[in-house]
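Bear in mind the structure is a predicted one, so any value in this text is a computation, not a measurement. Order of the sequence lines sets the chain letters (A, B, ...), proteins ahead of strands, with each chain counted from 1. Excluded from the calculations below are hydrogen atoms, water molecules and symmetry mates; all remaining heavy atoms, backbone and side chain alike, are included.
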Number of protein chains: 2
Amino acid sequence: MESQVEHYELTHADPDSVELPAVLAALAEPARLKIVRTVAAYGGDGGMACLTVWDKSGLTASKSTMSHHYKVLREAGLVVMWWVGSKKHVRLRREVVDARWPGLLDAVLTDRTAD
Amino acid sequence: MESQVEHYELTHADPDSVELPAVLAALAEPARLKIVRTVAAYGGDGGMACLTVWDKSGLTASKSTMSHHYKVLREAGLVVMWWVGSKKHVRLRREVVDARWPGLLDAVLTDRTAD
DNA sequence: CCTCGAGTTCGATAACCGTCGTACAGTTCG
DNA sequence: CGAACTGTACGACGGTTATCGAACTCGAGG
């Protein structure tokens, strides 16, 4: 229950404290992989609203399940989230992830076999 | 069959039928990641004996656990194994993995933060 | 002030997975 | 042959995790 009053100061994982297995485990879950791919495809550098992710991804998970997945992605250092009014937005941390594991995100995102 | 000892390949996963989440899940387990890194570091293109992997990796898992990890790596299409006498050898399937997910193995193997 | 929409948290449940010991199968070598 | 070595198959146990509904918080907009 991070403060919804502040719009930009949500707590996120310290990138340097995240281990590679945690990142891989986060991406290994099909629903989370779908989220990441959707954010990359539609969000660009500015990110997008979580609700839009839900629409575009075609995922059917419940609100609580989605919230759980976002939490895992956040703790793996893969995404940043912030509030815009009553809606939450999400963005990939490309700079951070690319700096630490060059090529990893590209490899995952360019998978032509994913639906 | 150039020597007295019989070398024969075992059945492995069809690379095209493996999904990305399965590969990521295989690599997300610290012990398996260690195995892959050890094979990459010491095995080169020719692979190495599983027992040598055990020595070099410093893993302390039991025989059955190691066997299980190898099975997961095999089913994920990440390694090939074959018999050399009474000892089993293992080799990374770099060509196959690199062809399907370019940069993925490199990204995982060049992680400087792994012990 | 009150209602609706967007998300989080909690508790419960079911499935998955890593681990091990034991039993078993094949190879090597004395 | 038989003992030692190498690895797999099978059950069992315990911990992790994905999933959901319900209750809750907070903001937006009548």
What pairs meet the salt bridge (Lys or Arg N to Asp or Glu O under 4.0 Å) rule with one or both residues in residues 99-110 of chain B, with sequence neighbours excluded? B:R94-B:D106

Starting from [atom2] on [N], measure out to [atom1] on [X] and report it in whole angstrom.
X	N	atom1	atom2	result
B:Y70	D:dG7	OH	C1'	11 Å
B:H89	D:dT8	NE2	P	13 Å
B:K71	C:dG18	NZ	C1'	14 Å
B:K34	C:dG18	NZ	P	18 Å
B:E75	D:dT8	CD	P	12 Å
B:I35	C:dG18	CD1	P	11 Å

So, do [X] and [Y] sit near enough that their side-chain heavy atoms are less than 4.5 Å apart?
X	Y	value
A:I35	A:V79	no
A:V39	A:R91	no
A:K34	A:L59	yes
A:M81	A:R74	yes
A:L27	A:R32	no
B:L73	B:V36	yes
B:E29	B:H69	yes
A:Y70	A:M66	yes

Check: protein-nucleotides 18-20 of chain D nitrogen or oxygen pairs below 3.5 Å:
from: D:dA18; atom 1: OP1; to: A:R32; atom 2: NH2; distance (Å): 3.0
from: D:dA18; atom 1: OP2; to: A:R32; atom 2: NH1; distance (Å): 3.4
from: D:dA18; atom 1: OP2; to: A:H68; atom 2: NE2; distance (Å): 2.7
from: D:dT19; atom 1: OP2; to: A:H69; atom 2: NE2; distance (Å): 2.5
from: D:dC20; atom 1: OP2; to: A:S62; atom 2: N; distance (Å): 3.1
from: D:dC20; atom 1: OP2; to: A:S62; atom 2: OG; distance (Å): 3.4
from: D:dC20; atom 1: OP2; to: A:T65; atom 2: OG1; distance (Å): 3.0

Tell me yes or no: between the side chains of A:S62 and A:T65, is some donor less than 3.5 Å from an acceptor? yes

Taking the side chain from A:W101 and the backbone from B:T110, do they hold a donor-acceptor pair closer than 3.5 Å? no

The criterion is salt bridge (charged side-chain N to carboxylate O under 4.0 Å, His left out); which residues satisfy it with A:D111, sequence neighbours excluded? none

Would one find more than 12 heavy atoms of other residues, nucleotides or ligands at under 6.0 Å from atom CG of B:D45? no

Which dot-bracket string describes DNA chain D (Watson-Crick N1-N3 plus N6-O4 or O6-N4, or G-U N1-O2 and O6-N3, all under 3.5 Å; [ ] crossing; | other strand)? ||||||||||||||||||||||||||||||

Output a table of nitrogen or oxygen pairs between the protein and nucleotides 4-6 of chain D separated by less than 3.5 Å.
none

Hey, what are the protein-to-nucleotides 14-16 of chain C N/O distances that come in under 3.5 Å?
none

